[in-house]
Protein chains: 2
Amino acid sequence: MQKPRGGVDFASLLSIRLCAAIIAASALEPRVLTLRFREESEALPSGPLEVEHRTLEKGLRAWVARQTGQKLGYVEQLYTFGDRDRVECGDAPSGRSLTVAYLALVREAEPDFAGEAVWQGWYRYFPWEDWRQGRPGALDRIEADLLGWAREAPGDAEARLRQERLGLAFALGSPSWNEEGVLERYELLYEAGLIPERQRDLEGAPFAEGGEGVGRPMAVDHRRILATAIGRLRGKIKYRPLIFELMPPAFTLLHLQRTVEALLGVRLHKQNFRRLVSEQGLVEETGGVSLDTGGRPARLVRFRREVLRERPAPGLHLRAGRRALA
Amino acid sequence: MQKPRGGVDFASLLSIRLCAAIIAASALEPRVLTLRFREESEALPSGPLEVEHRTLEKGLRAWVARQTGQKLGYVEQLYTFGDRDRVECGDAPSGRSLTVAYLALVREAEPDFAGEAVWQGWYRYFPWEDWRQGRPGALDRIEADLLGWAREAPGDAEARLRQERLGLAFALGSPSWNEEGVLERYELLYEAGLIPERQRDLEGAPFAEGGEGVGRPMAVDHRRILATAIGRLRGKIKYRPLIFELMPPAFTLLHLQRTVEALLGVRLHKQNFRRLVSEQGLVEETGGVSLDTGGRPARLVRFRREVLRERPAPGLHLRAGRRALA
DNA sequence: CTTTCTTATACTCAATATGAGCATTACTGC
DNA sequence: GCAGTAATGCTCATATTGAGTATAAGAAAG
């Protein structure tokens, strides 16, 4: 091991922030809990790590409770962001700051808690990620701009590299959109200068108007954090029963399917989805029925906890990039 | 957002460490790069984040180069550990310390670089994780001790909970060992007091002798970090072509299979493994053959980079917990 | 130069899993 | 009772797996 360097001057410039992407979901729309940030945009709940916080996760829970009143259920660490030239909240000290980002899942969307916290549909920030109604219109413009960016590359090799990355991330000329590549797509858009945060980070300019197709900007690098969270969640519901952290105690199979679809941003084949869920033993009947289906009444089911003991990776074994329309 | 707290006194107690689990692999054994630590055990390369480090990853690479001379290829962030009561290297300042841990893959095991760095087989630290020769003998003792720990639980509910966790993590009474659960198993062993680091952390006692079956201890919480790395790597080679970061430029299919088996700690079915690799288009022939197979000469192949463009998740689509013996 | 040992490589086959669809049932609102 | 809307049950072709069998091509031993 190395001797430590007596770096008090350095350490005093250092701060740790904890940041949470708190997700809830209805059958129609996945939501993220946000705070208003300077009129112009939203931020994720976050705050500095304090000495009282025994663990990072406890610190996070404390901050979220303080800022939004929300109690967190499932919490999982996402990533630690620490580039030196990361942009800070203007009011933070100018030294280096690390942010440890978390994904949290909660069951209910109590709207407008504490006046400050607001649930927002997450596709507001990522309009190109919602393929439930087919290919999002915003993608026409985005693809054109991205291809332009690829062509402008300095040098032929770089141009081809960019084109390749684009092709993969946005499934250009291929039928297989991979819904898990949320972060990769966001970073491409950011690099290509299509994301308003880019201009702000480079020039310190406030957000310009317009540019609806590229989604609403967020404070600091919070949109990147949200992208990380969405990608992680989309991947993980396939092999872990995380989805039930978002569902009410009892629900119908269609409700479950619609919620999954909302998260993945893709439609699924109904009968196969049911087969999957029941064959996997993920749910059991409660005995009740729901009459407000708009059609034949549906049986209510609940999550079957025993599945955790039975299978090594219980989840909806959907494969990324498959094409399963309703 | 919250106003920042003028916390210089706090900040000065804070330090960030970067830590790397650097993995290489031969057909026989996966290895991890270690440094000697106080006669009694080994440590992973690590060092404090410094102002000059533009990004966390660059800082990590710098430390690893300084301590071991090793150039890193593939690097991926694993997890950030930050519990307040984490034990520190004795020579570190007594304040709080966060460790950002990384997984790195390198191609060659140049042995004994710089006199200080040593490659060690990773099963030295996790003997219960190697099922290639069948169920490891060390598990008899471990399971007995773990079951004892479960029985000693205060209260019946807690006892059942412990038993359930055990059963899942160690596949008690089930044929399906899940090789990805490395961290979960390590943490259970730690909680149960079977891991020497536990005693050290609680009582500050140096490591006692013996206890071969529970693996060699490491400095600080480095064994936990290594467990995280192994679990991540075991999971990820299934859907990303990471394995090729560990292979030489040309290799035979059996060499590839043995390396995968070494990492997973499981034997695989030979013919099916080849079918998988070739059908996935993961490799292409180099034209050469290897004569030192001990049998019929084998064709040499190399990684087929184009696969990255063709499939969304190229990898060895092995499923966790399957039972495929040679 | 033939036998034996070892590994490579080519195929086969049954059991599942998956994608897509048809048919029937049971409610609500006219 | 009829139309609309879902729920639910079932079928079927096509992949994907797990597990073998069979044959080929070297080296080493005799």
Margin query: Tell me whether the side-chain N or O atoms of B/Gln271 pair up with the base of D/dT21 as donor and acceptor below 3.5 Å, since no angle test is needed here.
Written below: yes
Checklist line | Gap between atoms CG and C1', on B/Leu316 and D/dT17 respectively (whole Å) | finding: 15 Å
Checklist line | Heavy-atom closest pair, residues B/Lys238 and B/His317 | finding: O-CD2, 3.3 Å
Next item on the list: May I have the distance from B/Gln280 (atom CD) to D/dA15 (atom C1'), rounded to whole angstrom?
Entry: 13 Å
Next item on the list: Report the residue (A/His317 or B/Thr252) whose heavy-atom-nearest nucleotide on DNA chain C is the more 5′ of the two.
Entry: B/Thr252
Margin query: Between P on D/dG9 and CD on A/Glu279, what's the gap in Å once rounded to a whole number?
Written below: 13 Å
Next item on the list: Would you indicate whether the side-chain heavy atoms of B/Leu276 and B/Asn272 approach each other to under 4.5 Å?
Entry: no
Notebook entry, point to check: For the base of D/dG9, is there a side-chain donor-acceptor partner from A/Arg274 under 3.5 Å away?
Noted result: no
Show me, pair by pair, the donor-acceptor contacts under 3.5 angstrom made by side chains of residues 133-140 of chain B, not counting sequence neighbours?
from, atom 1, to, atom 2, distance (Å)
B/Arg135, NH1, B/Asp140, OD1, 2.8
B/Arg135, NH2, B/Glu143, OE1, 3.1
B/Arg135, NH2, B/Glu143, OE2, 3.0

Check: Should B/Arg299 be listed as having a side-chain N or O under 4.0 Å from OP1 or OP2 of C/dA8?
Finding: no
Margin query: Expressed as a whole number of angstroms, how long is the span from B/Phe273:CZ to D/dT17:P?
Written below: 14 Å
Note to self: Could you tell me how far apart A/Leu276 (CG) and C/dA17 (C1') are, to the nearest whole angstrom?
What the structure shows: 10 Å
Next item on the list: Would you mind reading off the distance between B/His269 atom NE2 and D/dA19 atom P, rounded to a whole angstrom?
Entry: 7 Å
Next item on the list: Take nucleotides 25-30 of chain C nucleotide by nucleotide from the 5' end and write B, S or -, depending on whether a protein heavy atom sits under 4.0 Å from the base, only from the sugar-phosphate, or from neither.
Entry: BBB---
Margin query: Please confirm whether the shortest side-chain N or O distance from A/Lys270 to OP1 or OP2 of D/dA7 is below 4.0 Å.
Written below: yes
Item checked: Between A/Asp292 and A/Ser290, a side-chain donor and acceptor under 3.5 Å -> yes
Check: Under 3.5 Å, is there a donor-acceptor pair between the B/Glu76 and B/Tyr74 side chains?
Finding: yes
Check: Once you round it to whole Å, what is the distance between P of C/dA10 and CG of B/Leu254?
Finding: 15 Å
Checklist line | Given DNA chain D, 5'-ward residue of the pair A/Asn272 and A/Thr293, judged by closest heavy atom | finding: A/Thr293
Next item on the list: Using the salt bridge (Lys or Arg N to Asp or Glu O under 4.0 Å) rule, pick out the option among B/Glu179, B/Glu129, B/Glu180, B/Glu261 that qualifies with B/Arg234.
Entry: B/Glu129
Next item on the list: Please tell me which of the listed nucleotides, D/dT11, C/dA10, D/dA7, lies nearest to the side chain of A/Arg275?
Entry: D/dT11
Margin query: What is the separation between atom CD on B/Gln257 and atom P on C/dT9, rounded to the nearest whole Å?
Written below: 12 Å
Check: Does atom CZ of A/Arg124 have more than 12 heavy-atom neighbours, drawn from other residues, nucleotides or ligands, at distances under 6.0 Å?
Finding: yes
